[in-house]
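Input: a single structure, listed below in structure tokens.
Every number for a ligand or one of its atoms is a count from 1 in the order of the listing.
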Amino acid sequence: MTKFLRVAAATALLVSSVIAAEYTIKLTHVVSPNTPKGMGADFFAKRVGELTAGKVEVIVFPNSQLYGDGEEMKALKLGNAHIAIPSFSKFTSIVPEMQIFDLPFLFRDKTHLHHVLDGEVGQAIKDKVTAKGFVALDYWDAGFKSLSANKPLIKPDDAAGLKFRIMSSHVLEAQFKAVGANPQVLPFSEVYSALQQGVVDGAENPLSNFYTKKFNEVQTDLTMTEHGYLGYLVVMSESFWKKFPATYKPLIIQAMKEATEYERKIASEDDDATMAKIKEYAKTSGKLTIHTLTPEQKAVWQKAMESIYPQFYNTIGNGLIKKAQAVQ
Ligand code: LMR
């Protein structure tokens with residue numbers, strides 16, 4: 001084949017693959033493409049393309065490009081976006097019980113966490129999301145959150161008087177108030193500049209968000225409190241799904257199942273890899289110090305933060321909290 005024919009064939013293939021897409025799914029999220037959520041979303045898009053032979057195309061909009069916090073759920077309702085992957089706190093006003101997953105020190109480890117999410121408690125929360133007119137798909141992982149600020153936070157008292165950015169969640173608000181700090185709700189897209197300009201003094205993030213959003217450049221200390229968990233529920237627009245052709249539905253669900261496995265695997269590997277990068281940054285820049293806590297120091301944080309649980313027995317349900325804690 002001559003070069004001209006090769007180029008013509010490639011162009012024809014490209015054009016036909018573009019023309020062949022009969023349906024478009026707009027997927028919106030707020031983080032970098034190189035986070036577990038970002039990679040999971042791209043993997044889902046690729047698998048949908050493969051499984052539907054290009055008939056369904058998923059377009060991924062990362063970094064709050066299309067919709068930011070507070071806008072994603074509305075966009076799903078209006079059918080302007082079709083899939084979103086909000087973190088648990090972003091469901092607070094729709095399903096307040098979802099705040100159970102924001103409770104500090106609720107999850108003992110990742111095994112416990114997955115057993116809770118994939119079991120009765122996770123299903124009960126999904127049912128509530130469904131009842132509010134969304135299609136609740138799968139739970140995805142980010143990781144355990146730690147605290148950053150411009151000082152070490154070895155004990156809860158160290159956080160007293162500091163302003164911390166939080167997602168919109170009453171549990172997170174109470175958690176920071178319990179240690180004498182001042183919580184301030186801000187969308188994720190504004191955290192970097194808020195830290196840079198001193199609008200807030202600190203934040204809580206999993207390592208992937210901390211590093212990919214370059215928060216390490218605007219904070220001098222990262223203290224590994226691992227006090228809470230950041231995870232996601234993938235949700236779809238109900239009106240969109242109702243109209244979506246039945247022939248493709250099982251393929252979308254299949255692609256999501258595979259993407260969930262992939263995303264969770266990436267998330268479990270990501271913490272170590274990202275910590276290595278943060279350590280390297282700390283070493284070469286000399287501008288960041290990482291503090292690990294002893295089990296005794298962590299226990300002091302746990303005691304201070306866990307004191308908020310009774311405040312949420314009504315909103316979340318004491319029974320649901322107890323059920324989650326009892327999961328093995
Ligand atoms: C945040 O706002 O900190 C997170 O919800 C961002 C994300 O989606 O990981």
Side-chain angles (χ1 to χ4, degrees), residues 27-42 44 60-76 81 83-95 98-104 113 117 129 137-149 163-173 175-176 183-196 199-216 218-219 222 225-235 259-260 263-264 266-268 270-271 274:
L27 187 157
T28 169
H29 69 79
V30 302
V31 295
S32 298
N34 57 337
T35 53
K37 174 159 77 173
M39 287 190 263
D42 292 344
F44 171 70
V60 178
F61 297 89
N63 283 323
S64 312
Q65 244 168 42
L66 198 57
Y67 298 106
D69 293 350
E71 300 166 340
E72 290 186 314
M73 304 303 284
K74 281 184 207 142
L76 292 185
I83 297 183
I85 317 175
S87 59
F88 301 139
S89 317
K90 313 275 165 85
F91 289 85
T92 298
S93 60
I94 298 163
V95 176
M98 180 89 102
Q99 291 176 99
I100 185 173
F101 302 138
D102 286 337
L103 285 171
L113 154 84
L117 293 179
V129 173
L137 296 170
D138 290 347
Y139 289 109
W140 283 15
D141 286 333
F144 284 95
K145 293 176 290 183
S146 284
L147 295 175
S148 65
K163 278 180 275 168
F164 282 91
R165 177 267 170 168
I166 56 163
M167 297 174 274
S168 178
S169 153
H170 303 300
V171 166
L172 300 181
E173 195 182 326
Q175 165 196 282
F176 279 107
Q184 188 166 330
V185 175
L186 284 174
F188 187 61
S189 55
E190 289 175 23
V191 180
Y192 182 93
S193 61
L195 290 170
Q196 189 181 37
V199 173
V200 288
D201 304 301
E204 53 166 15
N205 282 288
L207 294 179
S208 54
N209 284 349
F210 179 75
Y211 186 71
T212 56
K213 283 292 172 193
K214 300 188 173 20
F215 298 156
N216 50 301
V218 285
Q219 298 271 263
L222 172 65
T225 47
E226 296 173 314
H227 58 279
Y229 187 74
L230 187 89
Y232 310 108
L233 177 62
V234 188
V235 271
T260 300
E263 197 275 346
R264 286 187 179 188
I266 295 280
S268 76
D270 185 76
D271 260 0
T274 304

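Relative orientation of the Phe88 and Tyr139 rings is perpendicular, given thresholds of 30° and 60° on the angle between their planes.
Looking at Gln99 and His170, their side chains never bring a donor and an acceptor atom within 3.5 Å of each other. No hydrogens or angles considered: a donor-acceptor pair under 3.5 Å links the side chains of Lys213 and Asn63.
A donor-acceptor pair is defined here as one N or O able to donate and one able to accept, closer than 3.5 Å; such a pair exists between the side chain of Ser169 and the backbone of Leu172.
Residue Tyr232 comes nearest to Asp141 through the heavy atom pair CE1-O, 3.7 Å, listed as atom of the first residue, atom of the second, then distance. Across all non-hydrogen atoms, the minimal contact from Glu263 to Pro36 is CG-O, 3.3 Å.
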Considering only N or O atoms, set out every pair between ligand 1 and the protein closer than 3.5 Å, with distances to one decimal place.
residue	atom	partner	partner atom	Å
ligand 1	2 (O)	Lys90	NZ	2.8
ligand 1	2 (O)	Arg165	NH1	3.4
ligand 1	2 (O)	Arg165	NH2	2.9
ligand 1	3 (O)	Arg165	NH1	2.7
ligand 1	5 (O)	Ser87	OG	2.7
ligand 1	5 (O)	Lys90	NZ	2.8
ligand 1	8 (O)	Lys37	NZ	2.7
ligand 1	9 (O)	Asn209	ND2	2.8
ligand 1	9 (O)	Tyr232	OH	2.5

